[in-house]
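For reference, the structure discussed in these notes is given below.
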Amino acid sequence: MTAAVPPVGSEAPDFIARNQHGEQIRLSDFRGRRDVVLVFYPYAFSRVCTSELGALRDRPDLLAGAEFLAISCDPMFTLRAYAESERLEFGLLSDFWPHGATASAYGVFDADRGCAGRGTFVVDRAGLIRWSVVNPFTESRDPDDYAEALASLRPDLG
């Protein structure tokens, strides 16, 4: 069963997932070091997802401000092919098995479709969720919203 979307101000659910290179990534490893943006998306190679992740790829200013981790239920090898095809250099994490466990912990797993929904969570260096948004499947997220959320974490750098 999918949990509710964790509220802003709550501790981000920790997880371990493999990236497109097979490396294990643990969210809590970023604590005290870097802000993290978790970008859940439904499917690699789909039109809206490719457009969204491409928009992030094309914003080096935004990517420099935090660790971006894009998470889908696609297998690791699919994510590797997707990253190479689209020149995505940030982490693509596989939530393939246990299927949708990370998306479920964040309240964005769609059991009927078997995939993550379009949810985004900004996690600060203390491990707290500072901003989130969940969009409908067909609606792209705006990278400028991420930039605003990240700027609010570090107003002294703006």
* Structure fact -> Closest non-hydrogen atoms of Pro6 and Ala105, given as atom of the first, atom of the second and distance, are CG-O, 4.0 Å
* Asked: Going by distance alone, is a donor N or O of one side chain under 3.5 Å from an acceptor N or O of the other, for Arg18 and Ser94?
  -> no
* Would you confirm whether Gln20, through its side chain, and Phe90, through its main-chain N or O, come within 3.5 Å as a donor-acceptor pair? => yes
* To do: State, with a plain yes or no, whether a side-chain heavy atom of Leu92 is found less than 4.5 Å away from one of Tyr41.
  => yes
* Nearest heavy-atom pair of Ala81 and Phe45: which atoms, and what distance? -> C-CZ, 3.8 Å
* **Heavy-atom neighbours of Arg31 CZ exceed 12 at 6.0 Å** => yes
* To do: Mind checking the CG-CG spacing from Leu27 to Leu38? Nearest 0.5 Å is all I need.
  => 5.5 Å
* Neighbour count above 12 (heavy atom, 6.0 Å) for Phe77 CZ -> no
* Checking Arg125 against Phe30: charged group under 6.0 Å from the ring centre and within 45 degrees of the axis? -> no
* Hey, any chance Tyr106 and Leu128 share a hydrophobic cluster, counting ILVMFWY side chains that come within less than 4.5 Å of each other, even indirectly? -> no
* Can you find a pair of side-chain heavy atoms, one from Leu93 and one from Thr102, that are under 4.5 Å apart? -> no
* For the pair Asn19 (side chain) and Glu23 (backbone), establish whether a donor and an acceptor sit closer than 3.5 Å, ignoring hydrogens and angles. => yes
* Cluster check Val37, Val133: I/L/V/M/F/W/Y, side chain < 4.5 angstrom -> yes
* Asked: Considering all heavy atoms of both residues, which atom of Arg118 and which atom of Phe137 are nearest to each other, and what is their separation?
  -> NH2-O, 2.8 Å
* Nearest heavy-atom neighbours spanning Ala116 and Cys73 -> N-SG, 3.9 Å
* To do: Following the transitive rule for hydrophobic clusters with a side-chain heavy-atom cut-off under 4.5 Å over Ile, Leu, Val, Met, Phe, Trp and Tyr, establish whether Phe109 and Tyr43 coincide in one cluster.
  => no
* **side chain to side chain donor-acceptor pair (under 3.5 Å) contacts touching residues 75-85 (sequence neighbours left out)** => Thr50-Tyr82
* Structure fact -> Rounding to 0.5 Å, atoms OG (Ser10) and CZ (Arg130) come to a distance of 11.5 Å
* Going only through I, L, V, M, F, W and Y residues with side-chain contacts under 4.5 Å, is there a path from Leu88 to Met76? -> no
* Would you mind reporting whether Val39 and Phe121 have side-chain heavy atoms less than 4.5 Å apart? => no
* To do: Would you give the length of the straight line joining atom CG of Asp35 to atom CG of Leu153, rounded to the nearest 0.5 angstrom?
  => 5.0 Å
* Is Asn135 reaching over with its side chain to a backbone N or O of Ser140, donor-acceptor style, under 3.5 angstrom? -> yes
Only distances under 3.5 Å count here; give the side-chain donor-acceptor pairs of residues 54-68 to other protein atoms, sequence neighbours excluded, each with its distance to 0.1 Å.
| from | atom 1 | to | atom 2 | distance (Å) |
| --- | --- | --- | --- | --- |
| Arg57 | NH1 | Glu86 | O | 2.6 |
| Arg59 | NE | Asp61 | OD1 | 3.1 |
| Arg59 | NH1 | Asp144 | OD1 | 2.8 |
| Arg59 | NH2 | Asp61 | OD2 | 3.2 |
| Glu67 | OE1 | Arg34 | NE | 3.2 |

* Ignoring hydrogens and angles, tell me if any N or O in the side chain of Gln24 forms a donor-acceptor pair with the backbone of Ala17 under 3.5 Å. => no
* **Side-chain donor/acceptor of Asp14 to backbone N/O of Ser28, under 3.5 Å** => yes
* Asked: Are any of the side-chain heavy atoms of Trp131 and Leu150 separated by less than 4.5 Å?
  -> no
* To do: Keeping the roles fixed (side chain from Asp95, backbone from Ser72), state whether a donor-acceptor pair exists under 3.5 Å.
  => no
* Asked: Of the non-hydrogen atoms in Asp74 and Pro42, which two are nearest, and what is the gap between them?
  -> OD2-O, 4.2 Å
* Heavy-atom closest contact (Val5 atom, Gly107 atom, distance) -> CG2-O, 3.7 Å
